Amino acid sequence: MDNCIFCKIANGEIPAATLYEDDDFRVILDLGPASKGHALILPKAHAANIYEISDEMAAKAMILAKKMATKMTDALKCDGFNIVQNNGEPAGQTVFHFHMHLIPRYKGDKVGITWEPGTLTDEVKKEILEKLKN
Ligand code: 5GP
Ligand code: ZN
């Protein structure tokens, strides 16, 4: 992808603070961190989102997320960890190159990754189960 900023960062054309790199991924610090250590896993091959990424790369990304979460928790002494991955504008995606947010959490921090719980009605439950249950 010619005009994709994360393609350029992942492949080293634009410098970024890199925590980890291998043949498939680069992990960088987010420029607008939600918390100290907020990082992004970027695949080097372009895929816009979860719908486009290959099964192989999705699996590798999750394994890397686990490794990074463990390493970062140890190094940064954080108290918890969010792994966030947005797809599409309504879901908060602003850069349309698949990425996973690695967000260290600290007791009492003000990071807002929460929602107001709704209610699962019988009608909606039935509708969704009809559409999705295999
Ligand atoms: P999204 O909202 O698409 O899930 O996340 C995009 C993230 O990329 C944001 O947290 C934003 O701060 C970060 N970001 C956007 N442009 C750059 C950049 O050029 N360099 C770095 N390191 N992070 C960026
Ligand atoms: Zn890209």
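Order of listing sets the numbers, starting from 1, for every ligand and every atom in it. Quantities reported herein were computed from a predicted structural model and do not represent experimental measurements.
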Are F25 and I28 connected, step by step, through hydrophobic side chains (Ile, Leu, Val, Met, Phe, Trp, Tyr) whose heavy atoms are closer than 4.5 Å?
no

Residues K71, K67; criterion side-chain contact (heavy atoms from CB on, under 4.5 Å); working and verdict
CA-CA 6 Å; K71 203 170 154 185; K67 276 190 193 146; over 6 Å; no

What lies under 2.8 Å from the Zn ion (ligand 2), restricted to protein N/O/S atoms, is C4 SG, C7 SG, H46 ND1, H97 ND1

Give the protein residues with at least one non-hydrogen atom closer than 4.0 Å to an atom of ligand 1, ordered by chain and number.
I5, F6, I9, I28, L29, D30, L31, G32, L40, N86, G92, Q93, T94, V95, H99, H101

Spell out, as yes or no, whether a donor-acceptor pair under 3.5 Å connects the side chain of E52 to the backbone of A48.
yes

Among the clusters formed by ILVMFWY side chains lying less than 4.5 Å apart, do I9 and V27 turn up in the same one?
no

Is it true that H101 and H99 have ring centroids separated by less than 6.0 Å?
yes

Do any N or O atoms from the side chain of D30 and from the backbone of L40 form a donor-acceptor pair under 3.5 angstrom?
no

Would you say L29 and F81 are hydrophobically clustered, going by side-chain heavy atoms of ILVMFWY under 4.5 Å?
yes

Has D22 got more than 12 heavy atoms of other residues, nucleotides or ligands less than 6.0 Å from its CG?
yes

Sub-4.5 Å side-chain heavy-atom contact between M62 and K66:
no

